[in-house]
There are 2 protein chains.
Amino acid sequence: MAVCAALADDEVAELEKIMTSRNLVPDEMLVSEGDPLRRVYSLTAGVLRLSIALPDGRRQITGFLLPGDYFGLADDDVHSATAEAIGAVQLCSFTTRDMQALMERFPKLKDRLHAFTRMALRQARDNQVMLGRLTPVEKLASFLLTLSMRAAEHKLSANPLSLPMSRTDIADYLGLTIETVSRSFTKLRNTGLIQLPEPHIVELVDNRGLQAVAGMDFH
Amino acid sequence: MAVCAALADDEVAELEKIMTSRNLVPDEMLVSEGDPLRRVYSLTAGVLRLSIALPDGRRQITGFLLPGDYFGLADDDVHSATAEAIGAVQLCSFTTRDMQALMERFPKLKDRLHAFTRMALRQARDNQVMLGRLTPVEKLASFLLTLSMRAAEHKLSANPLSLPMSRTDIADYLGLTIETVSRSFTKLRNTGLIQLPEPHIVELVDNRGLQAVAGMDFH
DNA sequence: CGAGTATTTGACGTATGTCAATCGGAGTGG
DNA sequence: CCACTCCGATTGACATACGTCAAATACTCG
């Protein structure tokens, strides 16, 4: 488990003592916006989506969590986002109280969580650039590249890339409609940058070309 | 200084020993994307804009920092954003090395900085909702309300609200063009929600109405 | 294999971007 | 003190990319 990488074996043992496992079925809600923050979680399998909803039903997905990712970093006493399973999810959880106590005993753990939070902050800011300044095709290219990179980091297949989330989820993540997402997929396919053997499987044919489209190359 | 609120008097004295003051003239750049991270900063006067640029010149402003805000929270060894002064700015700085040492001596300080980072993360996520799912008028209403709230928190005038940044800055923050920003200002003025005695001074006439427009009311 | 749902594609309208002109205020010099 | 210039903000006219509504297609799962 990624959070534990900074701990010695006996410390990991301590962690496991206070840990609880839990499984989620597809689309099951883990926590809802406004819920009191009682537990923090670490993903062991599956993908989680974090979202914030507007009163009229519009929704923004702020991120997808992959196995090894940690959930509960941002908030103090109330969850500011909803977390739902995409497909089957396996995770372990700790009460905030236990986690607090453990962090006092193992300062390395606290430092590591802080580092995670800062990485999440950098990701959120990159997302702001994506949402505010990229065109739909650029957004999609950027999304595919980022997801592929993260998949690799998490030891999942990076190139025939699997997209467990629906087009609606992708649209709500990129700030678009599903139609525009779909058309952007077709554009990337027609320009030979990707292949779509199935709607939820993407092959990144021309990685460099995708980076150019994503507005991330430096020429 | 906000960072020091958790420290006792003698601890503040320690902080002041390693602190350096600095002034910036309008539009002066404090750090640029990619610069090595050597110092961290705390704003004492003025406003700072944080931005990320795309290779082709497009720019996204990820946030405005007010007096009391802290800069350098997100990054490890390289700055991921550019920081520039809007108007005259006064700030104090510490080397990352000194700050590190101080955090080891005063764990409360470390906790406080961590809390700041988490707040910044929540803000960044709220911004994602704004950028991805709000219409231009909604974006502007939301921006004015948020800025007004933060101004109040930072003991600045919340209601005749001063907007030190240019329309271009606002546009790059909201993910719009300056023309659309300007038109959105006139719409809010014409519907009686705000008054604009000067382009850089806004009066929030109908706070509740603004919240409704910002998509932040819960009816 | 069939029903239901997700995705893609098409036709069309409109909100926002683009390009261009006007207005207004700040600073400068006569 | 007033005119001139310059730059930022506003307004206008127009184009187009994206959203909306609707139909067709392709998957998924019983």
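The sequence lines fix the lettering, A, B, ..., with proteins before strands; numbering per chain opens at 1.
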Subject >> Base versus backbone protein contacts along nucleotides 9-19 of chain C [heavy-atom cut-off under 4.0 Å; B, S, -] >> reply: BBB----SSBB
Original post:
Which sits closer to the 5' end of DNA chain D, A:His200 or B:Phe185, going by the nucleotide each is nearest to?
Top reply: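 Residue closer to the 5' terminus by nearest nucleotide: B:Phe185.
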Original post:
Any salt bridge between A:Arg39 and A:Asp98, counting N to O under 4.0 Å?
Top reply: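 No salt bridge links A:Arg39 with A:Asp98.
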Original post:
Do the charged groups of A:Asp56 and B:Arg133 touch, with an N to O distance under 4.0 Å?
Top reply: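 Answer for the salt bridge query: no.
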Answer yes or no: is there a donor N or O on one side and an acceptor on the other, between the side chain of [X] and the main chain of [Y], under 3.5 Å?
{"X": "B:Arg122", "Y": "A:Ala74", "value": "yes"}
{"X": "B:Ser32", "Y": "B:Thr82", "value": "no"}
{"X": "A:Arg49", "Y": "A:Tyr173", "value": "no"}

I need the [X] [atom1] to [Y] [atom2] distance, nearest 0.5 Å.
{"X": "A:Gln60", "Y": "A:Leu131", "atom1": "CD", "atom2": "CG", "answer": "5.0 Å"}
{"X": "A:Glu203", "Y": "A:Ser148", "atom1": "CD", "atom2": "OG", "answer": "11.5 Å"}
{"X": "A:Arg22", "Y": "A:Leu91", "atom1": "CZ", "atom2": "CG", "answer": "7.0 Å"}

Original post:
Is A:Arg150 close enough and on-axis enough to A:Phe64, meaning under 6.0 Å and within 45°, for cation-pi?
Top reply: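 Relative to the ring axis of A:Phe64, which defines the angle, A:Arg150 lies outside at least one limit.
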**OP:** Answer yes or no for A:Arg112 and A:Tyr70: cation-pi contact, defined as NZ/CZ to six-membered ring centre under 6.0 Å and angle to ring axis within 45°.
**Re:**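 No, a cation-pi geometry is absent between A:Arg112 and A:Tyr70.
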**OP:** Please list, in 5' to 3' order, the outermost nucleotides of DNA chain D lying under 4.0 Å from any heavy atom of chain A.
**Re:**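 It runs D:dC18 to D:dC21.
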Subject >> Between C1' of C:dT7 and CD1 of A:Ile170, the distance in whole Å >> reply: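 In whole Å, C:dT7 C1' lies 11 Å from A:Ile170 CD1.
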**OP:** Note down the inter-axis angle between the two ends of the helix from C:dC1-D:dG30 to C:dG30-D:dC1, five pairs each, to the nearest 10°.
**Re:**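 That helix has its two terminal axes inclined by roughly 40°.
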